[in-house]
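Numbered from 1 within each chain, the chains take letters A, B, ... in sequence-line order.
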Protein chains: 2
Amino acid sequence: MTGPDDFDLGDLKLPEPQQLEAYFALTEAVSLLQHHVEQQLRAEGGISTVQFQLLMALNGAGQLTMTQLADGVVYSRSGLTYQAALLEKAGLVTRGPSPDDERATLVAITDKGRETVGRVLPGHIQVTRRLLYEAVSAEDLNRLRGIMSRVRDHIREEPPRSAAPRRKRTF
Amino acid sequence: MTGPDDFDLGDLKLPEPQQLEAYFALTEAVSLLQHHVEQQLRAEGGISTVQFQLLMALNGAGQLTMTQLADGVVYSRSGLTYQAALLEKAGLVTRGPSPDDERATLVAITDKGRETVGRVLPGHIQVTRRLLYEAVSAEDLNRLRGIMSRVRDHIREEPPRSAAPRRKRTF
DNA sequence: TATTGTTATACTCTATAACTATA
DNA sequence: TATAGTTATAGAGTATAACAATA
């Protein structure tokens, strides 16, 4: 991607080239990283990144309702139902009614689910170490943690997307 | 996601909690950011992020071959053909044979394509400013740029993914 | 033979809307 | 009425393999 220098952007305050560079480097590096991670998870565990994230959440909590599970994984409810159904069919989780709230579905990780996490995690850590940690000094990694935690929290505080107007796509 | 404290990972050297935090904050923040960006591009330009990236590349270069266009956008050739066909149908690019190499297809951005970029870019910049730049000091943004540029280059130098063994997914 | 690109095909994933059931 | 979740459905996107044409 090149700079937006040759546009008529009216009064829009353009970002400094350094700002743009930070943005591009950030998104591109993470895209590449995620791609490698996806490959590893698929190869060693037969699961997608989303499924791995769900299993990790359940591995910590033991069991969660669908709504609790949806928090943290930006997702539509139906999308989560779809993934949970896949995980259940694979025997990695079970689904059942909640005693506290009859409306809720409790999703619980199975032994096989924990086994899958245990099988996949070492490779996952290896990939992130090789691609991320090895490229960054301990000091910089610490800075990165602070910066991106702040960014994450900042975005999380954003008003819900429902505020944004929808337009039909042109194709 | 919680920590992997309760696994038998054998001899695997576990990352420090701070390392994990950096990784999680990084991927989560970028996911959230990309989600907002996608919304904006769709709403104001009717295009996806991938299509925006392709248009940005073409907007700088004027025209590129499919192979050149594929560089930088991690993508299968067929996937690029699919996206290029969509962009062509929408009148944002044209495709034609290359005079230099009869095998190559030259993809060129049209006036309408440039107009779309110009229409979408201000909002794109606004979103990134609101979500990213505003959360980070100038100094930290500069650090972020340096760090992530290094990570990106590091990952780019990785051996091709064909080295990774493929396994069938379990479901 | 290697490279460029397209096509056919199959599959994964995601979102929307309508629906059921409980609070 | 509001909330939790599912289902039906439709569409976008992606990858693989087979293919044609040129270098």
Side-chain angles (χ1 to χ4, degrees), chain A residues 31 34-35 38-39 41-43 46-54 63-71 73-90 93-108 160-162 164 166-171, chain B residues 31 34-35 38-39 41-43 46-54 63-71 73-90 93-108 160-162 164 166-171:
Chain A
S31 283
Q34 284 172 339
H35 191 256
E38 183 87 36
Q39 302 274 110
L41 291 176
R42 187 72 71 199
I47 57 176
S48 67
T49 300
V50 174
Q51 290 159 0
F52 175 67
Q53 289 169 337
L54 294 175
Q63 60 177 29
L64 292 170
T65 66
M66 295 292 282
T67 298
Q68 289 169 334
L69 208 44
D71 298 344
V73 186
V74 185
Y75 230 53
S76 64
R77 287 176 302 164
S78 66
L80 183 55
T81 296
Y82 172 76
Q83 293 295 344
L86 287 184
L87 290 173
E88 187 178 39
K89 202 186 319 182
V93 307
T94 58
R95 284 188 292 177
S98 165
D100 302 333
D101 186 337
E102 291 276 335
R103 294 171 302 180
T105 295
L106 270 182
V107 185
R161 338 157 201 114
S162 55
R166 280 290 174 85
R167 188 191 293 195
K168 257 221 168 137
R169 53 185 327 194
T170 57
F171 55 95
Chain B
S31 283
Q34 284 172 338
H35 190 257
E38 183 86 37
Q39 302 274 109
L41 292 175
R42 186 72 71 198
I47 58 176
S48 67
T49 299
V50 174
Q51 289 158 2
F52 174 68
Q53 289 169 337
L54 295 175
Q63 61 177 28
L64 293 169
T65 66
M66 295 290 283
T67 298
Q68 289 169 333
L69 207 45
D71 297 345
V73 185
V74 184
Y75 230 54
S76 63
R77 287 177 302 165
S78 65
L80 183 56
T81 297
Y82 172 76
Q83 292 296 344
L86 287 184
L87 290 172
E88 186 178 39
K89 202 186 318 179
V93 308
T94 58
R95 284 188 292 178
S98 165
D100 301 334
D101 186 336
E102 292 276 335
R103 294 172 302 181
T105 296
L106 269 182
V107 184
R161 333 153 204 119
S162 55
R166 279 290 174 87
R167 187 190 294 194
K168 257 224 170 133
R169 56 185 325 198
T170 57
F171 54 97

Provide, to the nearest angstrom, the distance between the [atom1] atom belonging to [X] and the [atom2] atom belonging to [N].
| X | N | atom1 | atom2 | answer |
| --- | --- | --- | --- | --- |
| Leu41(A) | dC13(C) | CG | C1' | 16 Å |
| Gln34(B) | dT14(C) | CD | C1' | 16 Å |
| Gln39(B) | dT16(C) | CD | C1' | 13 Å |
| Glu38(A) | dG13(D) | CD | P | 17 Å |
| Glu88(A) | dG5(D) | CD | C1' | 13 Å |
| Ile47(B) | dG13(D) | CD1 | C1' | 16 Å |
| Leu80(B) | dT7(C) | CG | P | 13 Å |
| Arg42(B) | dA15(C) | CZ | P | 11 Å |

From dG5(C), dG5(D), dA15(C), nucleotide with atom closest to His35(B) side chain: dA15(C)

Selected nucleotide, minimal atom distance to Leu86(B) side chain, candidates dG13(D), dG5(C), dT14(C): dG13(D)

By side chain to side chain donor-acceptor pair (under 3.5 Å) - contacts of Thr65(B) (at least two apart): Gln68(B)

Side chain to side chain contact (heavy atoms under 4.5 Å, CB included) between Thr81(A) and Met66(A), intermediate numbers included: CA-CA 8 Å; Thr81(A) 296; Met66(A) 295 292 282; 3.8 Å; yes

The helix from dT1(C)-dA23(D) to dA23(C)-dT1(D): angle between end helix axes, five pairs per end, rounded to 10 degrees: 0°

Sequence-distant partners of Glu102(B), salt bridge (Lys or Arg N to Asp or Glu O under 4.0 Å), two or more places apart: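 If we apply the salt bridge (Lys or Arg N to Asp or Glu O under 4.0 Å) test to Glu102(B), skipping adjacent residues, there are no hits.
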
Test side-chain contact (heavy atoms from CB on, under 4.5 Å) applied to Ser78(A) - qualifying residues, sequence neighbours left out: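 Listed in chain order: Ser76(A).
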
Under the side-chain contact (heavy atoms from CB on, under 4.5 Å) test, residues paired with Arg103(B) that sit two or more places apart: Asp101(B)

From OG1 (Thr49(B)) to NE2 (His35(B)), nearest 0.5 Å: 10.0 Å

Value rounded to 0.5 Å, distance of CD in Gln34(A) from CG in Leu41(A):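 Separation between the atoms: 11.0 Å.
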
Looking only at side-chain N and O atoms, does [X] come under 4.0 Å of OP1 or OP2 in [N]?
| X | N | value |
| --- | --- | --- |
| Gln68(A) | dA4(D) | no |
| Ser48(B) | dG13(D) | yes |
| Arg95(B) | dT6(C) | yes |

Sidechain-backbone polar pair: Gln51(B) side chain, Ser48(B) backbone, donor-acceptor under 3.5 Å: yes

Most 5' of Asp100(B) and Tyr82(B) on DNA chain D, judged by nearest nucleotide: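 Taking each residue's closest nucleotide, the earlier one in sequence belongs to Tyr82(B).
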
Touch class at under 4.0 angstrom, heavy-atom based, for Ser98(A) against every strand present: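 Nothing: the residue Ser98(A), judged by heavy atoms under 4.0 Å, touches no strand.
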
Identified side chain to side chain contact (heavy atoms under 4.5 Å, CB included) partner of Val93(B) from the options Leu54(B), Leu64(B), Leu87(B):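 Among Leu54(B), Leu64(B), Leu87(B), the one that satisfies the side chain to side chain contact (heavy atoms under 4.5 Å, CB included) with Val93(B) is Leu87(B).
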
Minimal non-hydrogen separation, Arg95(B) against Val107(B), with atom names: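 In this case the closest contact between Arg95(B) and Val107(B) is CG-CG2, 4.0 Å.
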
Under-3.5 Å N/O pairs linking protein and nucleotides 17-22 of chain D:
none

